[in-house]
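Below: one structure in structure tokens.
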Amino acid sequence: MTPNYPKRTPLAHLPTPLEPLERLSRHLGGPRLLIKRDDQTGLAGGGNKTRKLEFLLAEALAQGCDHLITVGSPQSNHCRQTAAAAAHCGLSCSLLLNGEPPATLTGNLLLNKLLGAHLYWTGSRPRSERLAELVAQVKKMGRTPFVIPLGGSNVMGAAGYVLAMEELMGQIAAAQHNIDFIIIASSSGGTQAGLALGAHLYNFRGQIIGISIDQEASDLKMQVAALATATATHLGLGTISVLDKVEVNDDYLGDGYGVLGDPEREAVQMMAQLEGILLDPVYTGRTMAGLIDLIRWGAFTRQQTVLFWHTGGTPALFAYGEKLLK
Ligand SMILES: *Cc1c(COP(=O)(O)O)cnc(C)c1O
């Protein structure tokens with residue numbers, strides 16, 4: 001079965017590189033390690049939301065919308081990439097961020113302003129209520145808003161990662177890699193949902209393990225599987241369940257979303273100093289900390305190949321300052 005992909009608005013530099021992590025692999029005495037560089041998608045700092053936004057922007061433009069609205073945490077990479085996509089396509093953009101505005105703008109928050117987005121804050125109010133108000137306000141100003149959900153994780157966004165799996169299959173066939181595991185950060189679930197469906201469609205034989213950033217494994221697993229099934233329908237594939245392909249590990253939640261602990265700090269420093277590659281404190285730092293731990297307790301053999309899918313987020317490093325160095 002071939003998916004019937006809707007139109008995309010080109011935003012990403014594709015294919016993203018697939019590279020070995022030889023020094024990290026040697027240092028850990030672990031399996032062969034590869035990295036898929038979706039931190040290099042090229043949209044104002046890059047990251048996994050760029051692939052999702054290619055389908056989301058095409059739909060927004062097809063509907064005649066001229067204003068993007070989305071939501072997230074203050075250091076949301078999704079919000080920053082959405083602001084950049086809006087600017088690139090000549091749309092205006094409003095971001096509804098959690099909580100109160102901080103005293104200083106750093107990291108993604110600074111970039112949002114630079115990219116021309118309008119920033120709004122939920123304060124102590126429920127996000128859905130504040131969002132409905134913002135949508136009404138934007139309409140009243142004579143604009144036609146297109147609302148993108150948290151993390152861009154709906155069927156349109158997830159389609160970006162179905163296509164990413166096709167891209168990866170081409171790269172591993174050309175390089176004759178045999179990948180046993182893919183390790184990827186999973187939060188709002190769209191990335192993992194797309195990959196799981198793509199794995200099914202393009203016969204990827206390895207296992208995909210989502211490292212949960214902020215949710216219990218059972219909840220995230222159901223969320224990912226449901227979105228994958230909805231995405232299959234969206235792509236004209238009928239009813240498909242990939243529940244057996246959705247694996248979530250919630251051993252690395254640490255002290256909660258966005259809290260930099262020793263494992264994340266060690267992972268960020270290790271990648272920087274052994275490979276010259278920047279991770280982010282919230283998602284890829286936590287996920288790499290999980291991978292390091294899995295390697296240390298012997299989850300993989302030396303003969304196996306593990307692909308770490310870098311989902312971006314490096315602008316958030318600047319919001320953590322010297323806490324990264326301790
Ligand atoms: C959003 C994000 C993720 C999580 O992707 P989901 O599709 O929300 O699960 C992972 N890494 C980074 C850097 C992100 O910004």
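Numbering of ligands and ligand atoms starts at 1, following listing order. Side chains included, hydrogens not; waters and symmetry mates left out as well; all remaining heavy atoms used. Positions are given from 1 along the sequence.
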Show me a pair-per-line table, with atom names and distances to 0.1 Å, of protein N or O atoms that are under 3.5 Å from an N or O of ligand 1.
from, atom 1, to, atom 2, distance (Å)
ligand 1, 5 (O), Asn48, ND2, 3.0
ligand 1, 5 (O), Thr191, OG1, 3.4
ligand 1, 7 (O), Lys52, NZ, 2.6
ligand 1, 7 (O), Gly190, N, 3.4
ligand 1, 7 (O), Thr191, N, 3.0
ligand 1, 7 (O), Thr191, OG1, 2.7
ligand 1, 8 (O), Ser188, N, 2.9
ligand 1, 8 (O), Ser188, OG, 2.5
ligand 1, 9 (O), Ser187, N, 2.8
ligand 1, 9 (O), Ser188, N, 3.2
ligand 1, 9 (O), Gly189, N, 2.9
ligand 1, 11 (N), Thr311, OG1, 2.6
ligand 1, 15 (O), Lys49, NZ, 2.9
ligand 1, 15 (O), Asn77, ND2, 3.0

Checklist entry - Under 3.5 Å, is there a donor-acceptor pair between the side chain of Thr50 and the main chain of Gly46? => result no
Item to check | Arg296: salt bridge (charged side-chain N to carboxylate O under 4.0 Å, His left out) partners, not counting sequence neighbours | outcome: Glu266
Could you tabulate the donor-acceptor pairs under 3.5 Å formed by side-chain atoms of residues 168-177, not counting sequence neighbours?
from, atom 1, to, atom 2, distance (Å)
Gln171, OE1, Lys36, NZ, 2.7
Gln171, NE2, Thr16, O, 2.9
His177, ND1, Arg32, NH2, 3.4

Checklist entry - Within the distance-only criterion (no hydrogens, no angle test), does the side chain of Arg51 pair as donor or acceptor with the backbone N or O of Val162 below 3.5 angstrom? => result no
Next on the checklist: Using a 3.5 Å distance criterion without hydrogens, assess whether the side chain of His200 forms a donor-acceptor pair with backbone atoms of Ser241.
Outcome noted: no
Side-chain donor-acceptor pairs of residues 143-150 under 3.5 Å, sequence neighbours excluded:
from, atom 1, to, atom 2, distance (Å)
Arg143, NH2, Asp66, O, 3.3
Arg143, NH2, Ser92, OG, 3.0

